[in-house]
Protein chains: 2
Amino acid sequence: MGADIIAEQEPVLTAKEKCMETGDHKDCLGVIMPVRDALDVINGKWKLPIIIAISRGHKRFRDIERNIPRITSKVLSKELKDLEAHKLIKRSVFDSQPVSVEYTLTPYAATLNPVIDALYAWGTQHRKTIFGSSEAQG
Amino acid sequence: MGADIIAEQEPVLTAKEKCMETGDHKDCLGVIMPVRDALDVINGKWKLPIIIAISRGHKRFRDIERNIPRITSKVLSKELKDLEAHKLIKRSVFDSQPVSVEYTLTPYAATLNPVIDALYAWGTQHRKTIFGSSEAQG
DNA sequence: TATAGTGCTATCCTTTTGGTTACTGGTAAC
DNA sequence: GTTACCAGTAACCAAAAGGATAGCACTATA
């Protein structure tokens with residue numbers, strides 16, 4: 001149903017606005033807590049890369065594994081289970097010959113796009129900053 | 001200082017656009033790598049909460065410690081060093097009586113605001129989803 | 001003198017994460 | 001028959017993260 005919710009009815013504040021709202025800098029828990037909730041779901045180095053890989057059409061276990069550098073079967077297996085438990089991905093088994101397994105993103109995983117985009121943008125410019133910092137003088 | 005850079009000169013693509021750009025779903029490394037670069041800097045449960053606390057005006061070690069639930073001195077100490085090494089915070093020692101230490105954010109840390117905002121927004125709605133999922137039916 | 005606060009560090013321990021190698025049972029290719 | 005692919009799991013181990021408790025040198029307060 002409501003796939004096109006617009007944040008009009010209920011003003012969603014940015015982290016900064018939320019803090020400003022409290023008047024001074026006493027209560028930062030109102031910001032820290034939701035951020036930690038998010039961090040608890042996408043914790044570790046692997047979850048977002050896995051989501052990215054699946055979103056690019058890599059649905060099969062080995063396919064995902066091959067497309068994420070240095071991940072191992074064991075880790076991938078565990079992280080996929082975590083993601084499934086958080087309802088971000090769906091595991092489907094097909095009764096073909098041989099049996100094949102496909103992982104797909106749930107619509108809920110799509111709500112993480114702004115997070116991924118922010119991280120992608122920051123990571124991109126951070127990499128530039130790092131590689132640029134040797135020739136620029138500190 | 002260039003605080004108001006507009007992404008006009010160089011089109012910064014979203015993660016999704018970057019992928020679409022490659023034509024099909026073969027190369028997701030171009031997205032995964034920057035995201036991992038970002039993740040490597042803000043890894044663990046503590047870095048962003050610490051940045052948030054400092055941005056709210058909690059500059060002193062104990063002050064930060066008191067405002068982040070369940071963090072310990074040891075962990076805070078280590079994370080502060082990491083953040084300093086990544087040039088996200090600055091440690092200043094004042095020769096007062098007694099000596100006082102202050103942690104402040106660098107301008108570079110402010111570039112993480114979109115990340116924090118995205119995480120805050122997602123974490124907020126995720127919390128609602130979790131608490132709402134018991135009464136709403138699947 | 002005792003207590004509390006400051007900015008940490010040290011020690012010890014547990015949990016989590018990650019890595020390696022090996023293995024399963026079925027199918028298909030050589 | 002041998003090899004390889006598939007989707008994992010098991011066993012073992014190392015490293016990193018995190019938690020608990022204690023302590024230090026110093027200062028301020030009572």
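The chains referred to below are lettered A, B, ... by the order of the sequence lines, with proteins before strands, and numbering in each begins at 1.
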Taking the side chain as every heavy atom from C-beta outward, state whether [X] and [Y] have any pair of such atoms under 4.5 Å apart.
X: B:Leu76; Y: B:Trp46; answer: no
X: B:Thr129; Y: A:Thr111; answer: no
X: A:Ile52; Y: A:Tyr120; answer: no

Exercise. If you take atom types as modelled and just measure distance, does the side chain of B:Arg62 reach the base of C:dG5 with a donor-acceptor pair under 3.5 Å?
Worked result: no
For this session: Run through A:Leu80, A:Thr106, A:Thr104 and flag the one making a side chain to side chain contact (heavy atoms under 4.5 Å, CB included) with A:Ile89.
Result: A:Leu80
Exercise. Per the side chain to side chain contact (heavy atoms under 4.5 Å, CB included) rule, which among A:Leu112, A:Ile116, A:Leu83 passes with A:Ile42?
Worked result: A:Leu112
Exercise. Which residues pass the side-chain contact (heavy atoms from CB on, under 4.5 Å) test with A:His86, sequence neighbours left out?
Worked result: A:Val41, A:Leu88
Exercise. Mind checking what makes side-chain contact (heavy atoms from CB on, under 4.5 Å) contact with A:Arg60, not counting sequence neighbours?
Worked result: A:Asp63, A:Ser100, A:Glu102
For this session: Using a cut-off of strictly less than 4.0 Å between a heavy atom of the residue and any atom of DNA chain D, enumerate the qualifying residues of residues 89-106 of chain B by number.
Result: B:Gln97, B:Pro98
For this session: Sequence neighbours left out, what pairs pass salt bridge (Lys or Arg N to Asp or Glu O under 4.0 Å) with at least one residue falling in residues 37-50 of chain B?
Result: A:Arg127-B:Asp37, B:Lys47-B:Glu79, B:Lys47-B:Asp82
For this session: Answer yes or no: does a side-chain N or O of B:Arg66 lie under 4.0 Å from OP1 or OP2 of C:dT6?
Result: yes
Problem set entry | Base versus backbone protein contacts along nucleotides 9-23 of chain C [heavy-atom cut-off under 4.0 Å; B, S, -] | B-BB----SBBB---
Exercise. Should the ring pair A:Tyr103 and A:Phe61 be called parallel, tilted or perpendicular, given that the plane angle runs from 0 to 90° and is split at 30 and 60?
Worked result: tilted
Problem set entry | B:Glu65 bridged to B:Arg62 by N-O distance under 4.0 Å | yes
Problem set entry | Interface limits on DNA chain D, where chain B has a heavy atom under 4.0 Å of a nucleotide atom | D:dA17 to D:dA28
